[in-house]
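Just so it is clear, the values below take in all heavy atoms, side chains as well, and ignore hydrogens, waters and symmetry mates. Chain letters run A, B, ... following the sequence lines, proteins first and then strands; every chain starts at 1. Here the structure is a predicted model, which is why all the values come from computation and not from measurement.
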Amino acid sequence: MDLIAKALTKRGYKEDDIKNILHDLISHDNKRKSNQQINDDLKSKIREYSGQIGQLYKEGKQDEASSLKNEVGEIKERIKSYDENDKNLKTKIDNILLSLPNAPHDSVPHGKSEDDNEVIQNWEKPFPNLGSSALPHWELAKKYNIIDFELGAFITGSGFPLFRNKGSKLKRALINFFLDEAEKAGYEEIRPPLMVNEASALATGQLPDKEGQMYHMEKDNLYLIPTGEVPITNIFRNIVLKESDFPLKVTAYTPCFRREAGSYGSDVKGLNRVHQFDKVEIVQISHPDDSYKLLDQMVKHVEELLIKLELPYRILRLCGGDLGFTSALTYDFEVFSAGQKKWLEVSSVSNFEAFQTNRLKLRYKDDKGKTHLAHTLNGSALALARIVAAILENNQTPEGIKMPKVLKKYLNFEIIN
RNA sequence: GGUGAGGUGGGUGAGUGGCUGAAACCACCGGUUUGCUAAACCGGCGUACGGGUAACACUGUACCGCGGGUUCGAAUCCCGCCCUCACCGCCA
């Protein structure tokens, strides 16, 4: 309970709210326990009696049997109310628990908003010097006819850009590059469904927290995935692993769909924030003892990608107030996009500890045969839209936009002009 | 979408409404035995929520796809839903 209070405080909950939540939780739970004890006793009585009734019938003692029957009938009435009570309490408890965010790791800084995030690794080298003629990516996109925002808006709506020509090829190249790098790092590549059911969305914690951020198909009660994390992690729903299975590493390229309700202004200009974007996601299922070591590994992996793409980047540790609902510790990666002179978030690498596995029922047996919850981690490696924006802006020259060398083997051109 | 069959423990697979938390076999774990291996034999082998314990042990309840119902009593009967398989229809 102290842990919950501490966790919520760090996330910026008000003291009174915390008190109320805890009070409800404890009193409901106590009630449920005492309830269950009485109820179990009653049920056990019924089992005993019905056994006896059967016996009595065999012996032909109808009268005794029917008087017992009456007694069972009375007990059943009582059980009914206990059962109902139990159900109510359980849904109350579940609702509270589902609404509680994960507990932040000790290293998570205090703070209310993104302004309080801690820069743990800054960019020390100079930024690209483009002079005064530098264009933002949406103008470059138009100039070279590689992304058509208007056409995307015409077909679907704003925030659904249409990539064409070398823009389209650049995306394909990046996806292949990211997947190849993930494979080299030992991740199994999969192609998951892009829609998930309610159970899956609950298990990874998108529901109930992100209800309004997902596209929902009411008719079939399916959700368009907001990130590959959801289908990938749900591979492991309801599974008991052996200790020797760890770590499990899976990667996938998927489009991601987000409603981004409430966003506006320069934040959503061009590729900065879109409703559909491509992402290569990496996920690890870990032994609890190793998860922070693996988190560092994943951070390293993402950093390596940015270095290879020759993009200026910095790494932030999210503060309590900015930390995602499901995460215990998150590192964000931002790249500097020189046309806008702006940091763009391109990756988020998180350790969820047992938050998701609790909902997933993803456990493992230790050598004594006891089951424990595993840990889950994931990260974007990487999210495409903003990477494309940064590549376009940072690499622009009077002759055209130069492609990063590392993409050479994936592209049949070296410059967009 | 239509019709039919089916969903039982890690797997295969029994199961007349009470003696079934569930046979048997396989897998798995522990043990005995024979030079090793193999085999044979013996024992163990689910999850959740309670009680209990220092921790075990032990113990109550629930769970045979999910949710309801009938009954003194349900894996077993009834209803709804979901899923799987087969065939048909439609279709990239």
Colleague: Would you tell me whether Tyr49(A) and Glu71(A) have side-chain atoms, one donor and one acceptor, within less than 3.5 Å of each other?
Modeller: yes
Colleague: Mind calculating the distance between OH (Tyr57(A)) and P (rC72(B)) to the nearest angstrom?
Modeller: 8 Å
Colleague: Rounding to an integer number of angstrom, what distance separates rA40(B) and rA55(B) when you compare their C1' atoms?
Modeller: 37 Å
Colleague: How many Å lie between CG on Asp220(A) and C1' on rC83(B), as a whole number?
Modeller: 15 Å
Colleague: Would you measure the distance from the C1' atom in rA74(B) across to the matching atom in rC87(B) and give it in whole Å?
Modeller: 34 Å
Colleague: How far, in whole Å, is rG10(B) from rA23(B) if one measures between their P atoms?
Modeller: 13 Å
Colleague: Counting distance only, does the side-chain N/O of Asn165(A) pair as donor-acceptor with the main-chain N or O of Gly167(A) below 3.5 Å?
Modeller: no
Colleague: Starting at atom CG of Asn197(A), determine the distance to atom P of rC66(B), rounded to an integer number of angstrom.
Modeller: 16 Å
Colleague: How close or far is atom P of rG10(B) from atom CZ of Arg363(A), stated in whole angstroms?
Modeller: 10 Å
Colleague: Would you verify whether the NZ or CZ of Lys342(A) falls within 45 degrees of the ring axis of Phe336(A) while also being under 6.0 Å from that six-membered ring's centre?
Modeller: no
Colleague: For the residue pair Asn102(A) and Thr326(A), confirm or rule out a side-chain donor-acceptor distance under 3.5 Å.
Modeller: no
Colleague: Over how many whole Å does the gap from Asn70(A) atom CG to rG73(B) atom C1' extend?
Modeller: 15 Å
Colleague: Angle between ring planes, His275(A) versus Phe160(A), binned at 30° and 60°: parallel, tilted or perpendicular?
Modeller: tilted
Colleague: Which parts of residues 78-96 of chain A get close to RNA chain B, meaning a heavy atom less than 4.0 angstrom away?
Modeller: Lys87(A)
Colleague: List the steps and the verdict of side chain to side chain donor-acceptor pair (under 3.5 Å) for Asn35(A) and Arg32(A).
Modeller: CA-CA 5 Å; Asn35(A) 216 20; Arg32(A) 196 166 101 85; over 6 Å; no
Colleague: Look at the rings of Phe177(A) and Tyr410(A) and say which category their plane angle falls in: under 30° parallel, 30 to 60° tilted, over 60° perpendicular.
Modeller: perpendicular
Colleague: Using distance alone, with no hydrogens and no angle criterion, decide if Ser286(A) and Ser291(A) have a side-chain donor and acceptor under 3.5 Å apart.
Modeller: no
Colleague: Using atom P in both nucleotides, what's the gap between rA75(B) and rA86(B) to the nearest angstrom?
Modeller: 31 Å
Colleague: What does the B/S/- profile of nucleotides 49-65 of chain B look like, 5' to 3', with a 4.0 Å heavy-atom cutoff to protein?
Modeller: BSS----S---BSS---
Colleague: A quick test of your reading: do over 12 heavy atoms of other residues, nucleotides or ligands sit less than 6.0 Å from CD of Glu243(A)?
Modeller: yes
Colleague: Under a 3.5 Å cutoff, is there a donor and acceptor pairing between the side chains of Tyr292(A) and Glu353(A)?
Modeller: yes
Colleague: If the C1' atom of rG4(B) is compared with that of rG9(B), how far apart are they to the nearest Å?
Modeller: 29 Å
Colleague: Just to be sure I understand the rule, does Ile53(A) reach a base, reach only the sugar-phosphate, or reach nothing, if contact means heavy atoms closer than 4.0 Å?
Modeller: base
Colleague: Under 3.5 Å, is there a donor-acceptor pair between the Ser337(A) and Glu393(A) side chains?
Modeller: yes
Colleague: Taking Watson-Crick and G-U wobble pairs with both distances under 3.5 Å, convert RNA chain B into its dot-bracket string, 5' to 3', dots for unpaired and | for cross-strand pairs.
Modeller: ((((((((.[[[..)..(.....]]].(((((.......))))).((((((......)))))).[[[[[..)....]]]]])))))))....
Colleague: For Tyr49(A) and for Lys365(A), locate the closest nucleotide of RNA chain B by heavy-atom distance; then report the residue assigned to the nucleotide nearer the 5' terminus.
Modeller: Lys365(A)
Colleague: Which value, in whole Å, describes the distance between the P atoms of nucleotides rA24(B) and rG46(B)?
Modeller: 15 Å
Colleague: In whole Å, I'd like the distance from the CG atom of Leu222(A) to the C1' atom of rC82(B).
Modeller: 13 Å
Colleague: To the nearest angstrom, how far is Gln62(A) atom CD from rC72(B) atom C1'?
Modeller: 13 Å
Colleague: Can Glu189(A) and Tyr253(A) be counted as having a side-chain donor-acceptor contact under 3.5 angstrom?
Modeller: no
Colleague: Do Lys300(A) and Glu303(A) pass the salt bridge (Lys or Arg N to Asp or Glu O under 4.0 Å) test, and can you show the C-alpha distance, the side-chain angles, and the key distance before you say yes or no?
Modeller: CA-CA 5 Å; Lys300(A) 200 90 203 132; Glu303(A) 183 175 8; 3.7 Å; yes
Colleague: Rounded to the nearest Å, what distance is computed from the CD1 atom of residue Ile75(A) to the P atom of nucleotide rU71(B)?
Modeller: 17 Å
Colleague: Counting just side-chain N and O atoms, does Lys58(A) come under 4.0 Å of either OP1 or OP2 of rC19(B)?
Modeller: no
Colleague: What's the gap between rC64(B) and rG7(B) when it is taken at their P atoms, as a whole Å value?
Modeller: 14 Å
Colleague: Looking only at atom P, what distance separates rC63(B) and rG44(B), rounded to whole Å?
Modeller: 25 Å
